[in-house]
Amino acid sequence: MSKKNKTVAIIPSRLESSRLPGKALLDICGMPMIIHVYKRCLLAKKLDEVYVATDNTKIKDVVELYGGKVIMTSSLHQTGTDRIAEAAKTIDADTIVNVQGDEALLNPGYIDKAVLALHNNPKINVSILVNSFNRRNSPSDMKVVLNEKDEVMYFSRADIPSDFRKNGHELLKAYHIVPFRKFFLLEFSQWKEGSLEQIEFNEYLRILEKGYKIKAVHVESDAVSVDTSEDLEYVRKKMQNDIYFLQYA
């Protein structure tokens, strides 16, 4: 008999990156970035298994060298969510957690918080972490606005709410650890791209455009997604004294 609420993390990873070429395998304190993400997922208490989903044999070889599990996927996917949906078809699980492969400083406990939002509320099909953010004019960071129930109203690469009438207010940024109920992930991945998704290049807008809810879970984090060389240097510096790195280094 399979475990109830079996939860599996899938880390989508590709080698091509227009802003930071080959970033999945870039060195951070003696270890490739994708391995940091994989090892930190293994520290989460609510995950039963962890996989990397990729179309690249170099990534596959590196992950397996470190003892990781890999699922090979198509090279035609436009988003990480499409990649994990293909991989999820081969996995026996109730919950699939999309963990971005460039979140090298992710907090394993935050994965647990995001997963519990689904496990504790059967009406929720997808959740996402959000954290306070104050950097302006940063289109590589996905900003979020919420309603009073902590449900996502919109994602944007622009600064929302705007500073047009009031300056200095705090923003919220999406922290890309996203648990899905597996059935919903597979259903959602078959929908056509929405018009807002095409504008913002964020596939989660496809869910909102169809009228479904995304539950936001608040955390406090100074972690960044590694999208630029500046991000990479920031993460390298932070990693040296990171408490989780010291557990798996």
Side-chain angles (χ1 to χ4, degrees), residues 1-13 34 36-54 63 67-73 77 79-101 103 105-131 144 146-147 149-152 155 174-191 203-204 206-208 210-221 223 244 247-248:
M1 184 179 294
S2 61
K3 176 184 175 182
K4 182 180 179 181
N5 283 335
K6 183 178 179 181
T7 302
V8 173
I10 304 179
I11 308 165
S13 185
I34 187 64
H36 283 282
V37 180
Y38 187 89
K39 294 285 189 181
R40 294 165 93 90
C41 286
L42 293 178
L43 297 176
K45 297 178 181 178
K46 297 299 179 181
L47 295 179
D48 297 295
E49 293 181 291
V50 181
Y51 294 87
V52 171
T54 187
V63 172
K69 299 177 182 179
V70 179
I71 299 173
M72 296 301 292
T73 57
H77 294 306
T79 70
T81 306
D82 293 328
R83 191 177 303 283
I84 70 162
E86 180 190 344
K89 293 176 183 178
T90 69
I91 294 173
D92 176 25
D94 303 291
T95 303
I96 302 291
V97 187
N98 184 356
V99 179
Q100 295 293 83
E103 293 282 356
L105 289 172
L106 74 87
N107 183 327
Y110 290 171
I111 298 176
D112 295 335
K113 289 190 69 171
V115 168
L116 283 171
L118 262 66
H119 287 183
N120 292 338
N121 189 338
K123 295 182 179 180
I124 297 173
N125 290 319
V126 55
S127 64
I128 191 168
L129 297 180
V130 298
N131 61 275
V144 190
L146 309 177
N147 66 18
K149 297 180 181 179
D150 280 336
E151 297 165 341
V152 176
F155 296 98
Y175 186 160
H176 285 99
I177 296 171
V178 186
F180 290 87
R181 298 197 189 280
K182 179 182 173 180
F183 80 87
F184 186 79
L185 169 65
L186 298 182
E187 179 183 332
F188 148 64
S189 68
Q190 297 302 307
W191 299 339
E203 65 267 32
Y204 303 132
R206 196 185 317 170
I207 297 171
L208 301 183
K210 289 286 187 181
Y212 291 92
K213 304 293 186 181
I214 300 176
K215 181 69 173 180
V217 179
H218 292 263
V219 295
E220 294 183 10
S221 175
Y244 300 109
Q247 294 182 43
Y248 63 79

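Please read these numbers as outputs of a predicted model, since none were measured by experiment. When a residue number appears, it is its place in the shown sequence, counting from 1.
Between the CD1 atom of I124 and the NZ atom of K215 there is a distance of 5.5 Å, given to the nearest 0.5 Å.
The aromatic rings of F180 and Y204 sit tilted, their planes meeting at an angle between 30° and 60°.
Taking the six-membered ring for Trp and the full ring otherwise, the centers of Y212 and F184 sit less than 6.0 Å from each other.
When side chains are defined from C-beta on, I11 counts as touching V50, because their heavy atoms get closer than 4.5 Å. Between Q247 and L43 there is a side-chain heavy-atom pair separated by less than 4.5 Å. Using a 4.5 Å cut-off on side-chain heavy atoms (C-beta onward), V97 and L47 make contact. For the pair L185/N125, no side-chain contact is recorded, criterion being any heavy-atom separation below 4.5 Å from C-beta on. Considering only heavy atoms from C-beta on, T95 comes within 4.5 Å of H119 through its side chain.
Residues L186 and A85 come closest through the heavy atom pair CD2-O, 3.5 Å. Summarising the geometry of T7 relative to K46, their closest heavy-atom pair is CB-O, 3.3 Å, with the distance given to 0.1 Å. Nearest heavy-atom pair, I128 versus H176, reported as atom, atom and distance to 0.1 Å: CD1-CD2, 4.4 Å.
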Step by step, would you call R40 with E103 a salt bridge (charged side-chain N to carboxylate O under 4.0 Å, His left out)? CA-CA 10 Å; R40 294 165 93 90; E103 293 282 356; over 6 Å; no

Given side-chain hydrogen bond (donor to acceptor under 3.5 Å, both in side chains), test H36 with Y244 step by step and report yes or no. CA-CA 10 Å; H36 283 282; Y244 300 109; over 6 Å; no

Start with the C-alpha gap between K113 and V219, add the side-chain angles, then the distance that decides, and say whether side-chain contact (heavy atoms from CB on, under 4.5 Å) holds. CA-CA 9 Å; K113 289 190 69 171; V219 295; 4.2 Å; yes

In sequence, state the C-alpha distance, the side-chain angles, and the governing distance for N147 and V152, and then conclude on side-chain contact (heavy atoms from CB on, under 4.5 Å). CA-CA 7 Å; N147 66 18; V152 176; over 6 Å; no

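Here the side chain of D48 pairs no donor or acceptor atom with the backbone of V8 at under 3.5 angstrom. Although no hydrogens or angles enter the test, the distance criterion places no donor-acceptor pair under 3.5 Å between the side chain of R83 and the main chain of T54.
Judged by distance alone, the side chains of H218 and N131 never bring a donor and an acceptor atom under 3.5 Å apart.
Judged by the 6.0 Å and 45° rule, K69 forms a cation-pi pair with Y51.
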